[in-house]
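Data first, discussion second: the structure below is written as structure tokens.
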Amino acid sequence: MTAVLKDEAAPIRSEEDVVRVRQRVRQAALELKFSLVEQTKIVTAASELARNTLVHGGGGTMRIERLSDGSRQGLRLTFDDQGPGIADLALAMQDGYTTGHGLGLGLSGSKRLMSDFTIESRLGQGTCVTVTRWR
Amino acid sequence: MPAITLTRLAEILARHQDDVLRDWTTQQLKSATRRSDLLNESDLRENSRQFLAAFTAALQRAKGDDITGSDWADVREILTSISGSRATRGFTPSETAMFVFSLKEPVFDRLRHEIKDVQPLAEEIWGTTTILDKLGLLTTEVYQRARESVIKRQQEDLIELSTPVVKLWDGILAVPLIGTLDSARTQVVMENLLQQIVDTGSGLAIIDITGVPTVDTLVAQHLLKTVAAARLMGADCIISGVRPQIAQTIVHLGVNLGDVITKPTLALALALAFKRTGVVVSRNAALTAQV
Amino acid sequence: MDRIPILKMGEFLLVTIQVDMHDRLAMTLQDDLMEAIRARAARGVLIDISALEIVDSFIGRMLGNIAAMSRVLDAETVVTGMRPAVAITLVELGMSLPGVRTALDVEKGMELIRTSTRLLEGDDRRAQG
């Protein structure tokens, strides 16, 4: 069973916060001794999801958790907002679909960059995306 | 199967922890699987003390025998650490599991002392043996995973040594891939190639798969991703040594090579690379006449 | 840092991105570059990202925009120095940066721009003559 060894939260309310999110996630990935390529993938996924939270979710929070599952370690990031929510999840997960001016790769791309990906969203209530990368 | 009762065990261990620890340690020191060559007495005492303390504490908290729950997290961590350290010292997984199983005897002795009725005694012994079996098996799992990660690291080192990136000419690199490729190995080689492209400032890389008997979808995809990454960086790749069987596999797998250039041999790939970089090779007529 | 500096090197403009940019800074760079191309009648823009540890879809889009907009202003853009880890991640992310030309370093980038503009102008001359 997975044990949570460390838990920290960060606000996502401004563009500067998104930069801070990248730095904190990079730090956490370094501590867990992920390889350089893995670190880059994790921080990039975090950047995409944090921006989504800010731009589409109207701001929210990120949680960083360090997990231990027997002998392997993992990094879990949770992005939470109380924004308008996503109407059609399947559509949102398609490459290229965007309701803004982005490339539409944030959700589908982050899924490819991480080991595990889950998303919950309710119209009018908000969105919560959880991604994990195992070593 | 009857539900596991551990309540009396929890209470008895809490009261008699020191006695049980003493008996257990003495027994371990006398046992045939002692391995005093690998583990000294003070470390053995410390391991036992830590484990028994955590085990007793977990029993107070736990509502059942599910050792995967959060109540048992401390015990799992201690066992993982003991298991890992013993594996490094050279203990076999059975020897490490024996560490946990050997706790049964002193605990059963204590239970027989404290519980006089046969039925409750039988239930507590059953509960004890079930939980210690699970914990003992956990150590073997941890051992397996530790060994696997050592092997994986050694494999990665081997890969780096066995698949060197060579410089064929100014600005032209080559990676001769030999043997069966698996996903992990291909990834390591490809990351290495991309780094070499940057370090040497080479705009062209030839990936030669003459020595590769078969290619599966994952490997083909890794190759294509490497070419895509090299292009993003400003370099280009040529895949050479594509044999007819591999060409067939690629088509059957539905992998789309897109506009990736392939050449049947490394020589032809090199010729193309020269052409692209403006290198001209000519033969000196005077020298060949002498031969 | 308020703005990212743009250096003029002959007919080229050179931008070296060395900070982790927040989105506003990236948009400002875009605007500043377009103004600089116009003001200096530059033929080429070199964006060196060798110090960038991360390129996400926002930055990718910025690079694509710069390439497209500069082309309209008759200038070629080349992005140089992309790190291997970044390239691997972009491929996994699904970004191919279409319309963005790349080179391993600034020198090769300048060479690339010179060669392509030479070819284009060669065509023009042949068409006229």
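Because the structure is predicted, anything quoted here is derived from the model rather than measured. Keep in mind that the numbers below use all heavy atoms, side chains included, and drop hydrogens, waters and symmetry copies. Residue numbers begin at 1 in each chain, while the letters A, B, ... track the order of the sequences.
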- Message: Please classify the contact between B:L193 and chain C as side chain, backbone, both or neither, with a heavy-atom cut-off of under 4.5 Å.
- Response: neither
- Task: Could you look at B:S202 and say if it's the side chain, the backbone, both or neither that has a heavy atom under 4.5 Å from chain C?
- Result: backbone
- Query: Among B:G203, B:A228, B:G234, B:A230, which has the most heavy-atom pairs under 4.5 Å with chain C?
  - Reply: B:G234
- Note on the structure: Most heavy-atom pairs under 4.5 Å with chain B, out of C:E92, C:M82, C:R101, belong to C:M82
From [X] [atom1] over to [Y] [atom2], what is the distance, rounded to the nearest 0.5 angstrom?
X      : Y      : atom1 : atom2 : value
B:L194 : C:R83  : CG    : CZ    : 14.5 Å
B:T226 : C:I88  : OG1   : CD1   : 7.0 Å
B:M233 : C:T102 : CE    : OG1   : 9.0 Å

Are more than 12 heavy atoms, taken from residues, nucleotides or ligands other than [X], located less than 6.0 Å from that residue's [atom1] atom?
X      : atom1 : answer
C:R40  : CZ    : no
C:E107 : CD    : no
C:K8   : NZ    : yes

- Query: Shortest non-hydrogen contact from C:A87 to B:A229?
  - Reply: CB-O, 3.5 Å
- Would you say the side chain of C:P84 lies within less than 4.5 Å of the side chain of B:V198, judging by non-hydrogen atoms? yes
- Item | Contact origin within C:S96 toward chain B - heavy atom pairs under 4.5 Å | backbone
- Query: Do C:K108 side-chain atoms and B:G201 backbone N/O form a donor-acceptor pair below 3.5 Å?
  - Reply: yes
